[in-house]
Amino acid sequence: MTFHSPTRWADALAVRAEHPQAVPIAGGTDAMVELNSGRRRPDRLLDLSRIAEVSGWDTDGGTVRAGAGITHTAIVAQLAESAPALAQAASTVGSPQIRNRATLGGNIATASPAGDTLPTLLACGAAVELHSVGGARTVALADFVTGPKRTQLAPDELIAAVLFPAATGPQHFSKVGVRAAMIIAVCSFAVALFPDRRSVGTGIGAAAPTPRAAVEAQDFAAEVLPWDSLGHLDPAVAGYFGDLVAKAADPIDDVRGTAQYRRHALAVIARRALIWAWDDLRGAVPCG
Amino acid sequence: MTSGSMGSSPRRPDGWAKVTGTFAFSSDLSMPGMLWGATVRSPHPRARIVGIDVSGALALEGVRAALTHLDVPGAPCYGLELRDQPVLAATEVRYEGEPVAVVAADDPDLARRAAEAVLVTYAPLTPIVDAEAAARGEGEAVHAGRPNLLRHVPVRRGDPNVEAPVVVTGEYEVGMQDQAFLGPESGVAYPADDGGVDLHVATQWLHVDRDQIASCLGLEPERVRLTLAGVGGAFGGREDISMQIHACLLALRTGRPVKMVYRREESFRGHVHRHPARLWYEHGATRDGRLVYVRARIVLDGGAYASSSMAVAANAATLGVGPYRVPNVRMDSYVVYTNNPPCGAMRGFGAVQACFGYESQMDRLAHACGLDPVELRRRNAMTTGDLMPTGQVVEGPAPVAELLRMVAERPAAPRTTAFGASGGHTTRGEGVVRGVGYGVGIKNVCFSEGFDDFSTARVRLELRDGRPVVTVHTAAAEVGQGLVTVQGQIARSELGVPDVVVAPADTAVGSAGSSSASRQTYVTGGAVQAACQAVRRQVEATTGEPYDPTALPRLLARTGAVEETVRWHHRPTKGLDPQTGQGDAHVQFAFAAHRATVEVDVELGTVRVVEIVTAQDVGRAVHPQAILGQIHGGTVQGLGLALMEEIQVTDGGIRNPSFTDYLIPTIMDVPQMRVELLELADPHSPYGLRGVGEPPAISSAPAVVAAVRAATGVELSRVPIRPHDVVWGAGR
C-alpha cells in the first residue's frame, strides 16, 4: 500500500488528481473501520491529517468557514457560539478519543444518513467548498449528499471547507439513542432560529436515506412564530411542528429501531427543540 | 500478619500494565517465522455442503495450508458435554459462521484473502429456529438421528394440584446477551520436536481445552501443552473451543508457528452466547403474600451445538423459583437444538434468565396482595435450613431478608437527573419520571450435579539468596478477576512469607478446573491453602520443629526446597432425579440484592439509571477491592441486559455483530453504585468464603426493569427493554 502524506493542500490536490482511487483519510474514524474489517483494501491512502491549511476556521462575522480538517473536539470548544447546534452534535459523537481525531470533512464525506453533524449544517443552510487542481466550486450540502453514503464529490475533488451563516439566534440538536454515549443516532433533529430574517432551519438525521430538512415544518414555524411579540409559544404549534417534522421523514426498520418509533421520536424531539429554541430567544431579549 | 495477606487489597500484578497499555494479551503474541491462520465460515445458518475446493487458496503465493474436515486426524467432533461440534463441518453446516475450512499464510491479510478464495458450494436448507416448537418435539432434527430436545429438567415438590387464593401469571422473554469481552479469540500454536504441539491461548480452562484438542488431533494429552496467554475478558465465552484446534492443526501441518486472531465480527460468531429464553410462570399465594406454589416452564434456545446447555437448563430449573420458600413446585426447564447461534456459558448461567421471570412475578404478586415489593419478598425469603425445590437443605448462611433490608434502608437516590449529564440533549426534564425497583437472586457456586470438581496446586518453599520464597503453580485461568493476586494472598497468609511468586498457568501442573461458576477462589483457593498446609507439615516433619516463618532461613537450610502438590475437591454433589428433579445437586448458594433507581423519558421510552444499591454476602472478603470490582462489573452487565445488550437474530442470522450495534453500557451509562458486603462464613468452604463473581449479574437486570415499571406503569415482560416497548407497551 502506498501512503501519501502531504503537508500542503496543493500537494494533496495534486495527489488526488493523479490517483483518484486513493482513499482520503483524515481522522480515520470511518476509513480505518473499513480497512480493519477488510471491507476495503485500497492500494493507496491519501492522508489529509497533516495539512494545517484546512484544520482551522474563520469568519467575517456573517459567514463561518470551517476547514474540513477541524476536529469534533475543536468544534465543541471553538464553535459553540457561532454554531451551537453543530457544537452540540459534535459533542455527541463517539468518545473523547474519537472526537479528538474525527473531522467535520470526514463526517460529511462519509455522508451517513446518521452523520451527526449533517442535520445541524442543513438547519443552517450550509454549503460545501470543493477543491480540485482545476479550481473550486461550492455546493449546497442538501445537494451534495445524494444518497446513503453517496455524494457529488468528483474523483479529483476534496472537501476543503464548510460554509454556513453564523448563528443569529438559538439552535438545538437532539439525538435519540438507548445508550448515553458512543451511539449511532436512532434518529436526530436540529433546529436553528434566525430572528434577523425570521426564518427557521431544520435537519433530520437517521430517518431518511440522507439527512434532510423538514421544509414544510420550518416554513410553518417561520410563518406562525410570534416574532414581533416574542410571546409564548402555543404548545399546539410546537406539537404540529413536531408532526410535520415526523411527516418529512422517511425512516426504515433496522437493528437500531423501527420506522414507527423513529417517526414518533422525531415528533417528540422536534417539538421539544422548537420550544427550547423559542424560550431561549425570548429569554435572550432584555425585559421592558 | 504478613503484608498482602487475606483481607487486604494488594495491587494486582497486571494492573499497571493494563492501565498503561503494555500488557500482552493473547492477540499480541508473536514468534519468529510465524504464519497467520484464518477461518472459512458458513454464510448460511443451515445448508448441505456440496463441495469444498481449496485450490484457489493454495494457488495464492504465500499460502501455506488450506485444511478441511478431511485433514482432522483424530476425532471429528468436540464439545464440553456432548461431542457434537465438528472441528470443521463435513456434510452440513448448522449455524451462520460455522467453520468449514482453515488456512495459513504469511501475513494476516493474505490469510483472509485465502479464506475468501476457498470455494464452498452449499445447498441452503430452511433453518430450524423455533425453540418452542423444538421443545414440543416438532419439526425437523437439527442433528440427524437426535431429538432437538437436548434436555428436560423437571422439578417436582409437594402437591402438584394445590390451589391458592391469589394467583398471578406471566410470560417473559430474555434476549440473547453476549459476553462482549474486548480481547478477541486468539493464540499461537507451534509444533514441538516430539510430534506434539504447544499452544498459548486465552481460555478459561486449560485442561479441558487440552483434552478436546488432543482428541481431535489424535495425540496423547501429554503431547499437547497449553500455556495461558493474556486473557481480555471471558464471562463464560471462552469455556468452549474456538480457534484452539484450528491453530494446532495448521501448526502441525505447516511445521511452523501459527497465530490466529478473530476479527470483531468473527468473534461475535465465534463464541457461544447467553441462552435466549421464554418463561411462563404461575405463582399462587395466600392473601397475605405467602407463596403456596410456583408452576413454571422455561424454554432455552441452545442453538446449533450442545456446549454447556444441559447444565444451564439444570440451573434454570433448580434455581428457578428464586431465593424463596416454596412448598409446592412444578418446574419444567427445556433446552433445545436450533439453527440459531450456539449458546452456552455466560456469567449467571441459567440463573439470570430465571431471575428475570421470578422477580417479575414477585412484583406482580406484591401488587396483587397490596404489599410493598420488599415486604412481599421478606415474607418469603429463604433462610438457613430451608429446602430448595430439589429437596436440598440450604446449609450455609442464606441472609436473603437481611440483604433486602440493607438495600431498602439506604437513603433514597440523589435528586440529580441522570439525563442532564450526558446523552443526546433529548430532554430538559420533559417526560421524565422516576422509579425504584428491587431484585434479589440466587446462584450456585462451583460445578453441580455430581461433577468431579477439583483443583490442583503446587506450592514450593525454598531459600533464594537466604530469603524464603514461595512459588505457587496452578493451571487456574486469570481472566481478569484477580485470581493471581488471591493465590498470592492465600500463600502469604498460610506460610507467613512475603515473597510469593505465582507461576504462569499451564498444563505442566494438574487441572484447576474452569474459571467459571464463581468457583476459582473457592476451589483453587482451597487447593493453594491445602498445598501450603502440606508444605508446613513437611517442614515440621523433616525438622521436628514447629513451623515458624521467622525461623525459615534456618529450617529451610536443613530441609532444602519443600514442594507439595495437592488435588483439592469440594464437597461432592449428587445428580438430580430425572423424574422429580430431587437431589443435593449444588455445593454452595450465593445471594445478592439490588435496588435500582431509574429515570424514564416516557415520551421517548429512553431510560437512564440514576443509582444502584447492592448488597451481597461474600462469606469472607479475601480481596475487598477485587470484590468491589466484581460487584460493579456484574451489576453493570445486568444493567446492560435490562436496557441494551442483545444479539439480534433473524432466521438464524446475527444482525448486529459489532460494537457499533451490540451495545454495552459505557461509563456514561453507569450510575452511582453503593455496595454493601456481608461476611457470613460458610462452614464448609475455605476461609468461609463464598463465590462472588456471578450474583451481581443476576438480580440487577430485574431491579432495573422493576424500576422502569414503577416509573411508567407499563408491563415490561422482555429484556432488553426497547424504547418502543416503553412507549407503546411490551406488545404482549
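Proteins come first, then strands; the chains are lettered A, B, ... in the order of their sequence lines, and each starts at number 1.
The heavy-atom pair separating Trp728(B) from Tyr261(A) by the smallest distance is CH2-CA, 3.7 Å. Smallest separation of non-hydrogen atoms from Arg263(B) and Asn36(A): CD-O, 4.2 Å. For the residue pair Arg608(B) and Val178(A), the shortest heavy atom distance occurs at NH1-O, 3.8 Å. Arg655(B) and Asp254(A) get closest at one heavy-atom pair: NH2-C, 3.7 Å. Summarising the geometry of Ala181(A) relative to Asp669(B), their closest heavy-atom pair is N-OD2, 4.3 Å, with the distance given to 0.1 Å.
Ion pairing of Asp279(A) with Arg428(B) is absent here, as no side-chain N (NZ or NE/NH1/NH2) approaches a carboxylate O to less than 4.0 Å. Between Glu603(B) and Arg272(A) there is a salt bridge, with a side-chain nitrogen of the basic residue lying less than 4.0 Å from a carboxylate oxygen of the acidic one.
Atom CD of Glu61(B) sits in a sparse spot, with 12 or fewer heavy atoms from other residues, nucleotides or ligands closer than 6.0 Å. Sparse packing is recorded around NZ of Lys247(A), with 12 or fewer heavy atoms of other residues, nucleotides or ligands lying under 6.0 Å away. Counting heavy atoms of neighbouring residues, nucleotides and ligands inside a 6.0 Å radius, atom CZ of Phe25(B) exceeds 12 of them. Heavy-atom neighbours of Asp651(B) CG from other residues, nucleotides or ligands within 6.0 Å: at or below the threshold of 12.
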Would Trp276(A) and His425(B) count as a ring pair (Phe, Tyr, Trp, His ring centres under 6.0 Å) here? Give the steps. CA-CA 11 Å; Trp276(A) 300 338; His425(B) 314 290; 8.6 Å; no
Go through it in stages, so that I can follow the logic: the residues are Arg256(A) and Thr660(B), the test is side chain to side chain contact (heavy atoms under 4.5 Å, CB included), and I'd like the CA-CA distance, side-chain angles, deciding distance and then a yes or no. CA-CA 10 Å; Arg256(A) 293 171 201 143; Thr660(B) 305; 4.0 Å; yes
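Every residue two or more places apart in sequence or in another chain that forms a side chain to side chain donor-acceptor pair (under 3.5 Å) with Glu116(B) is listed here: Arg41(A).
When the heavy atoms of residues 636-643 of chain B are compared with those of chain A, the residues falling under 4.5 Å are Leu643(B), listed by number.
Heavy atoms closer than 4.5 Å to chain B are found nowhere in Arg262(A), neither backbone nor side chain. Heavy atoms closer than 4.5 Å to chain A are found in the side chain of Glu265(B), but not in its backbone. For Arg264(B), no part lies under 4.5 angstrom from a heavy atom of chain A. Neither the backbone nor the side chain of Ser95(A) comes within contact range of chain B; no heavy atoms are under 4.5 Å apart. In this structure, the portion of Thr92(A) lying under 4.5 Å from any heavy atom of chain B is its side chain and not its backbone.
The greatest number of non-hydrogen atom pairs below 4.5 Å with chain A, out of Thr426(B), Asp109(B), Thr666(B), Asp601(B), is found for Thr426(B). Residue with the most contacts toward chain A among Glu430(B), Arg112(B), Gln648(B): Glu430(B) (heavy-atom pairs, distance under 4.5 Å).
Between Asp661(B) atom CG and Ile183(A) atom CD1 the span is 8.0 Å, to the nearest 0.5 Å.
A donor-acceptor contact shorter than 3.5 Å links the side chain of Arg179(A) to the backbone of Ile664(B).
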